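None of the values given here were measured: they were computed from a predicted structure. So you know, we letter chains A, B, ... as the sequences are listed, proteins then strands, and number each from 1. All values below were derived from every heavy atom in this structure, side-chain atoms included, with hydrogens, water molecules and symmetry-related copies excluded.
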2 protein chains.
Amino acid sequence: MVLNNIDFTGLPDPSESNCQTTREILDLIADKWSLYIIIMLRNGPRRFNQLRRDVEGISQRMLTLTLRGLERNGLVTRTMYPTIPPRVEYELTKLSATLLTPVMGLVVWVDSNKDKIGVARQLYDDREME
Amino acid sequence: MVLNNIDFTGLPDPSESNCQTTREILDLIADKWSLYIIIMLRNGPRRFNQLRRDVEGISQRMLTLTLRGLERNGLVTRTMYPTIPPRVEYELTKLSATLLTPVMGLVVWVDSNKDKIGVARQLYDDREME
DNA sequence: CAGCATCCGAGGCGATACTG
DNA sequence: CAGTATCGCCTCGGATGCTG
């Protein structure tokens with residue numbers, strides 16, 4: 001299978017049983033908050049409350065939990081500076097830096113196509129009205 | 001900002017207030033099931049129960065709901081053949097065909113790096129044990 | 001500042017039963 | 001086959017209050 005000059009032939013199908021891991025890991029990335037945190041860290045390290053403001057709508061609880069998850073999976077490092085007041089910086093790892101490319105690809109796509117999606121949605125909703 | 005030969009400078013930041021739409025649409029894609037359905041439709045049209053088997057673990061309810069959402073946003077077409085028994089085929093649109101590239105980019109990344117993530121996770125969990 | 005602990009409410013989601 | 005409708009659980013996640 002070749003699409004847009006990219007060859008997907010023989011690519012693992014997340015539905016296949018031996019790909020449980022791929023499926024599981026894709027779930028990690030595709031959750032509501034992880035994606036945004038990764039995006040917000042793309043320009044360098046950020047502190048906890050900076051991220052809280054960056055990722056609009058996230059609660060402290062979910063920020064903590066999501067950061068722990070990302071840290072656990074080696075996608076984010078957590079650095080504590082034992083100053084007063086304490087300071088903690090989160091940063092992408094080498095691993096997640098390479099993840100940024102496909103992720104930003106998604107963002108670019110969404111930004112380029114959000115108008116089309118808006119139109120499609122409007123059309124769909126109008127039809128429902130009848 | 002240039003990363004992996006891709007220039008992200010001036011890219012919309014989902015945190016900016018004028019990008020509510022981008023954020024909203026990214027949420028559509030980043031939900032638990034949409035991604036998998038899109039992936040499963042990458043090789044051509046599929047019927048309802050085929051998809052149900054493809055996307056392991058999805059309930060009939062969530063398949064229906066997710067497909068409706070994708071249809072509403074112009075990412076999937078629904079074609080009914082009024083035969084007996086009825087037959088319904090779901091297929092990607094031109095729009096979502098272009099989405100496949102970044103999505104599969106993500107899948108490729110996950111598949112190439114799942115081992116590293118597994119190692120990182122193991123390390124993290126071992127540390128917690130102490 | 002950067003969290004952890006606890007409580008608790010909405011709703012996501014599965015299970016089941018029924019239709020064209 | 002391809003759904004819709006209803007019920008109810010249970011988890012996700014927000015709100016609040018407390019610590020180093």
Quiz prompt | Identified side-chain contact (heavy atoms from CB on, under 4.5 Å) partner of A:Arg42 from the options A:Val107, A:Leu100, A:Val103 | solution = A:Leu100

Exercise. Specify the residue among A:Leu65 and B:Glu89 whose closest nucleotide of DNA chain D lies further upstream toward the 5′ end.
Key: B:Glu89

Quiz prompt | Distance in angstrom units between A:Leu67 CG and C:dG3 C1', rounded | solution = 11 Å

Exercise. Measure the distance from CD1 on B:Ile84 to C1' on C:dT19 and round it to the nearest whole Å.
Key: 14 Å

Quiz prompt | Modelled atom types, side-chain donor and acceptor of A:Arg46 and A:Tyr90, under 3.5 Å | solution = no

Quiz prompt | Heavy-atom donor-acceptor pair, A:Gln60 side-chain to C:dC4 base, under 3.5 Å | solution = yes

Quiz prompt | Terminal contacting nucleotides, 5' and 3', DNA chain D versus chain B (heavy atom, 4.0 Å) | solution = D:dC1 to D:dT6

Quiz prompt | Gap between atom CG of B:Leu92 and atom OG1 of B:Thr98 - 0.5 Å precision | solution = 10.0 Å

Quiz item: With respect to the phosphate group of C:dC1, does any side-chain polar atom (N or O) of A:Tyr90 fall under 4.0 Å of OP1 or OP2?
Solution: no

Quiz item: What is the distance, rounded to the nearest whole Å, between atom CZ of A:Arg61 and atom P of C:dA5?
Solution: 11 Å

Exercise. Mind running side chain to side chain contact (heavy atoms under 4.5 Å, CB included) on A:Arg78 and A:Glu91 for me, showing each step along the way?
Key: CA-CA 7 Å; A:Arg78 178 178 184 276; A:Glu91 191 171 11; over 6 Å; no

Quiz item: If you measure from CD on B:Glu71 to OG1 on B:Thr93, what distance do you get to the nearest 0.5 Å?
Solution: 11.0 Å

Exercise. Check the distance between C:dC1's P and A:Arg78's CZ and give it to me in whole angstrom.
Key: 16 Å

Quiz prompt | B:Trp33 vs A:Val88, nearer the 5' end of DNA chain C by closest nucleotide | solution = A:Val88

Practice problem: Whole angstrom is fine here: how far is it from CD1 in B:Ile58 over to C1' in C:dA15? | Solution: 15 Å

Quiz item: Any side-chain N or O of A:Arg68 less than 4.0 Å from the OP1 or OP2 oxygen of C:dG3?
Solution: yes

Quiz prompt | Joint cluster assignment, B:Leu65 & B:Val88, ILVMFWY side-chain distance < 4.5 Å | solution = yes

Quiz prompt | Atom-to-atom span, CD of A:Gln50 to P of C:dC1 - whole angstrom | solution = 11 Å

Practice problem: Round to a whole Å and report the spacing from CZ of A:Arg46 to C1' of C:dC1. | Solution: 15 Å

Exercise. Report the distance from atom CG of A:Asp54 to atom P of C:dA2, rounded to the nearest whole Å.
Key: 12 Å

Quiz item: Does NZ or CZ of B:Arg87 lie under 6.0 Å from the centre of the six-membered ring of B:Tyr81, at an angle within 45° of the ring axis?
Solution: yes

